[in-house]
Amino acid sequence: MWNPIRAVLRSKSLRGIKIIALSLMLVLVCAAPIMLYSAFGPADGNPVLLSWLFAVGAMVAHVGFFVGILLVIWDVYFAKK
């Protein structure tokens with residue numbers, strides 16, 4: 001079975017690109033439950049826990065994205081090869 005996390009970690013990309021890809025996966029995983037609830041759940045529901053899951057996951061993923069961008073800039077412009 002194909003594992004996307006293992007595929008990202010074993011790729012030959014820069015470490016910052018790997019962190020950015022994992023952050024995008026985290027946003028998708030955290031947003032999927034509330035999207036599914038919105039699509040298939042009751043119209044008058046109030047998914048507070050799912051909202052918090054999405055909010056916290058999105059904040060952590062944004063920090064990961066920022067760290068990934070900094071690592072890409074560091075590897076491309078400042079690291080000696």
Side-chain angles (χ1 to χ4, degrees):
M1 188 166 173
W2 183 69
N3 186 350
I5 296 173
R6 185 176 293 159
V8 167
L9 292 176
R10 290 185 178 178
S11 70
K12 293 183 180 179
S13 347
L14 296 172
R15 60 186 175 164
I17 299 294
K18 292 179 186 181
I19 292 174
I20 291 170
L22 292 173
S23 297
L24 292 175
M25 285 183 206
L26 178 65
V27 167
L28 179 66
V29 167
C30 290
I34 198 163
M35 289 189 298
L36 291 172
Y37 186 88
S38 297
F40 302 113
D44 60 347
N46 189 8
V48 175
L49 184 63
L50 296 179
S51 301
W52 278 104
L53 173 70
F54 174 63
V56 171
M59 285 190 291
V60 170
H62 276 84
V63 169
F65 184 81
F66 181 70
V67 168
I69 289 292
L70 290 177
L71 285 174
V72 167
I73 291 170
W74 177 262
D75 287 343
V76 170
Y77 293 112
F78 299 113
K80 302 287 182 179
K81 292 189 179 190

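Taken together through direct or relayed side-chain contacts under 4.5 Å among Ile, Leu, Val, Met, Phe, Trp and Tyr, Trp74 and Tyr77 form part of one hydrophobic cluster. Under the 4.5 Å side-chain heavy-atom criterion for grouping Ile, Leu, Val, Met, Phe, Trp and Tyr, Ile20 is connected to Val76 within one hydrophobic cluster. Residues Met25 and Ile34 are members of separate hydrophobic clusters, defined by side-chain heavy-atom contacts under 4.5 angstrom among Ile, Leu, Val, Met, Phe, Trp and Tyr.
Considering every non-hydrogen atom in both Ser51 and Pro47, the closest pair reads OG-O, 2.8 Å. Looking at every heavy atom in both residues, Val27 comes nearest to Ala61 through CG2-CB, 3.1 Å.
Here the CG atom belonging to Leu70 is positioned 10.5 Å from the CZ atom belonging to Phe78, to the nearest 0.5 angstrom. One finds the CD1 atom of Ile69 at 7.0 Å from the CD1 atom of Ile17 (value rounded to the nearest 0.5 Å). The CG atom of Leu50 sits 10.5 Å away from the SG atom of Cys30 when rounded to the nearest 0.5 Å.
No more than 12 heavy atoms of other residues, nucleotides or ligands sit less than 6.0 Å from atom CD1 of Ile5.
In this view, Ser13 and Ser11 satisfy the side chain to side chain donor-acceptor pair (under 3.5 Å) rule, not counting sequence neighbours.
At least one side-chain heavy atom of Leu22 sits less than 4.5 Å from a side-chain heavy atom of Val8.
Among residues at least two apart or in separate chains, there is no ring-ring contact (aromatic ring centres under 6.0 Å, His included) pair with a member in residues 22-72.
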